[in-house]
Structures are given as C-alpha cells and as structure tokens.
Protein chains: 2
Amino acid sequence: MSVKDTYTDAVAGFILEHGLGAVSLRPMAKAAGTSDRMLVYHFGSKAGAIEAGLTRIAERGIEALEALLPPGPRPATELMPMLEGIMRTGAFDASVALLLEVTALSLRGDAPSKLIANRLASDFRDWLAARLTEPERAAELLRGIEGWGVLRGCGLDAPFPTG
Amino acid sequence: MSVKDTYTDAVAGFILEHGLGAVSLRPMAKAAGTSDRMLVYHFGSKAGAIEAGLTRIAERGIEALEALLPPGPRPATELMPMLEGIMRTGAFDASVALLLEVTALSLRGDAPSKLIANRLASDFRDWLAARLTEPERAAELLRGIEGWGVLRGCGLDAPFPTG
DNA sequence: CTACACATGTAGCAATCGCTACAGGGAGTT
DNA sequence: AACTCCCTGTAGCGATTGCTACATGTGTAG
C-alpha cells in the first residue's frame, strides 16, 4: 500500500468521524500522522483530498454492513428487521450523517458531491436488491430506510420499513 | 418589527440560501445590510445568530408549503401526488438540504441541532397528520417523503410514497 | 558517482475567522 | 444641562484557513 493510499485511508476515517463540515487540512493531517503540506502535495488541494477520502469511503461502502449479516438473499420480512437491529445500535450513525451532508451539498448544486452522493445511494440500492429475494422492492425499501434514518436523526421514532 | 427581528429574518434567509456550512459572520452581516459587530451584539455570538435564524425558519416552517395546497384534510391518495408535484419543482430543495444538514449535526451529537431537527421534523409530521384523512399514516408517509427527498438529492428517482 | 524523480520538513503568506475594546450618536429621563 | 441606555462604526486582536516557496532528504536508474 502506497503512502498516498495510507493517507487516503486516514482522510476517509477523519471525514467519517468528524463530518465534511469539520474538515481542515492541519487537523486532518495530524490525524493522518503527517503535515498539511503532504496532503496538498499528494492530493493537489483540500478538495482533492476530500474527494479521494469520499471515494475511498464509497469503495469500502457496504463492507461493514455486509459483515454483520448472514450471507445470501432474504425476503424483506427477514432482512429488514435485521437491518433495523443494526441501525438502532448507532454503529452507522456517522455514515448516515455523512451521506446526509453530501446529499445536502448535492441538493445545493455542488458537482463533486452529486457524483459521490449518487454513487453512495445507488451502491446501497444495488446491494439491497442483491440481498432481497424481491429485488424489485429495493428502491421502495431504500427510500424507507433513508427516511427512517433522517427521522431517527431528528429524534423521531418512525416505524422501520417492513415487508 | 424590531431591528433584531429584521436581522433574524435576514439571517434565516442567508442560512436557507447558503446552507449551515457556509455561514460566517461578515458575509451574513453584509447580506443583512449591517456588520458582523451588530450580529454579535444582538445575538451574542455566531451560534446565537444561527440558532435564532433556525428558530425563525422553524416558525415560518410550513407556511410556504401550506400556501401551495388547497385547504382541508385529504386522503393520502390525493395529497401525496400534490406534494410530489410541489417537491419536484425544486422549490423546496434548499429547505430539504438545510434539514439534512441539521440532521447530520444532530446525528453527530450537536445538542442545539438536536432540538431544531426534532422541531422541524415533528412540525412537519403534525402538519401532515392534520392534512390527512388518515392521520395515523403520517409517520409512515413522512418517512417516505424524507427518504424520497434524500434519494432525489442523490440523483435517484425513487417512487414517491402513495396511499 | 551522478543524476534525477519522488517525497518531506520548515517557514511563511495573504485571507478570513469569531470576537472584542473603545468611542461615540441619539433618544429619552431627571 | 447632565445622565443613562440602546445602538452602531472603527479598528484590531489572536487564531486558523488553504496553500506555496525553498531547501533538503532518499532511493533508484544510468
């Protein structure tokens, strides 16, 4: 793994932990064990570093979630309660928050955010489709999950989408 | 309307237009026709100004949406297509983006954001319940609307929730 | 050994950040 | 007239921002 690759991981971790709005070069570089100078050297700019970090996060994407589930497609009536249990632990709160931040930027017209947001969402949708015995329900259920996540972030206890 | 009240409106407008992440005192004061000095004087701090602006936005809340709809409760099969038409115009993209920003902060543990996010979401939920002939479906439909908004922000065309 | 590309540390620049100290201006009260 | 209270402009502070100039190290190919 190249040096730049290591930095990319560190940047991804920093963004996930602190959020897009809290990114600045010096603290992020410190967390990566290097200097702002090096981040700019390797990624060209702050925006480049963020883009690399977000892309890395999108690549890692579903891995963490995948690891918590038994393999193979399931009917929604089985899969959704499993997902609900996982989401309710809060383990993915940071990921949800980041998705919402990127989505907000995308809604405001930020072009790089549009790309990343689209990738994050469609990767999740495709993963969901592959995990369901009723893949045609993926979009509807994804909509429900995202909405549930937003309401959870707002402190409201909406019902989790079911089969 | 007091001077501070005018500033509050201007701050609310600035936040809606540019997003929470882009708020800084001097540009916001310029948009309000005053100086950073005055915003700090009236609101105590940047955080105080933001809180006042967000509260004002929450107060205004549903007004703009309300104005676009015929009065009285409707069945979901009627109301939801109306909402879909309105949302698809993009007129509320900035509002959605702001809600997502606040929700993200709330998910990361920011206490003031938790309050505002909760108020924004529960006001919308209550409004929806009052607008439906089946008010018990408000939470489920709100979840669908929020999820739809997120996916729309991501550039995905999910189906709008229906009756 | 030399040459050259990659990588890095030090130092600093101009801009912006949130915020504050200080000096009033203007209106109303005594 | 003197005093007080609300409001505002000017100026600036120390910190942080993204980024860069310059010098240097380090490893590899010729």
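Chain A is the first sequence line, chain B the second, and so forth, proteins listed ahead of strands; every chain is numbered from 1. The model shown is predicted, which means the values in this text are computed figures rather than measured ones. Heavy-atom basis, side chains included; hydrogens, waters and symmetry copies ignored.
B:Glu140 meets the salt bridge (Lys or Arg N to Asp or Glu O under 4.0 Å) test with B:Arg137; sequence neighbours excluded. Legend: residues meeting side chain to side chain donor-acceptor pair (under 3.5 Å) with A:Ser113, ordered by chain and number and at least two apart, are A:Asp110. A search for side chain to side chain contact (heavy atoms under 4.5 Å, CB included) contacts involving A:Lys4 returns A:Ser2, A:Thr8, A:His42, A:Phe43, not counting sequence neighbours. Residues that satisfy the side chain to side chain donor-acceptor pair (under 3.5 Å) test with A:Ser95, not counting sequence neighbours, are absent from this structure. Contacts of A:Asp9 classified as salt bridge (Lys or Arg N to Asp or Glu O under 4.0 Å), with partners at least two apart in sequence or in another chain: A:Arg56, A:Arg60. Listed by chain and number, the residues in a salt bridge (Lys or Arg N to Asp or Glu O under 4.0 Å) with A:Asp123 are A:Arg119 (sequence neighbours excluded). Listed by chain and number, the residues in a ring pair (Phe, Tyr, Trp, His ring centres under 6.0 Å) with A:Phe124 are A:Trp127 (sequence neighbours excluded).
Taken residue by residue, residues 34-48 of chain A places heavy atoms nearer than 4.0 Å to DNA chain D at A:Asp36, A:Arg37, A:Ser45, A:Lys46. Residues from residues 12-24 of chain B with heavy atoms under 4.0 angstrom of DNA chain C, sorted by number: B:Val23, B:Ser24.
Taking 4.0 Å as the cut-off between side-chain N and carboxylate O, A:Lys46 and A:Glu51 do not count as a salt-bridged pair.
Nearer the 5' end of DNA chain C, as judged by each residue's closest nucleotide, is the contact made by A:Tyr7, out of A:Tyr7 and B:Pro27.
A salt bridge (Lys or Arg N to Asp or Glu O under 4.0 Å) check over residues 142-156 of chain A, counting only residues at least two apart or in different chains, returns the pairs A:Asp93-A:Arg152.
A:Leu128 and A:Phe160 end up in the same hydrophobic cluster when Ile, Leu, Val, Met, Phe, Trp and Tyr side chains are linked at under 4.5 Å.
In 5' to 3' order, the nucleotides of DNA chain C bounding all contacts with chain A (an atom under 4.0 Å from a heavy atom) are C:dC6 to C:dG12.
In DNA chain C, the stems built from three or more successive Watson-Crick or G-U pairs (distances below 3.5 Å) are C:1-30 with D:1-30.
No donor-acceptor pair closer than 3.5 Å links the side chain of A:Arg131 to the backbone N or O of A:Ala76.
Taken to the nearest 0.5 Å, the CG atom of B:Leu54 stands 10.5 Å off from the CG atom of B:Leu99.
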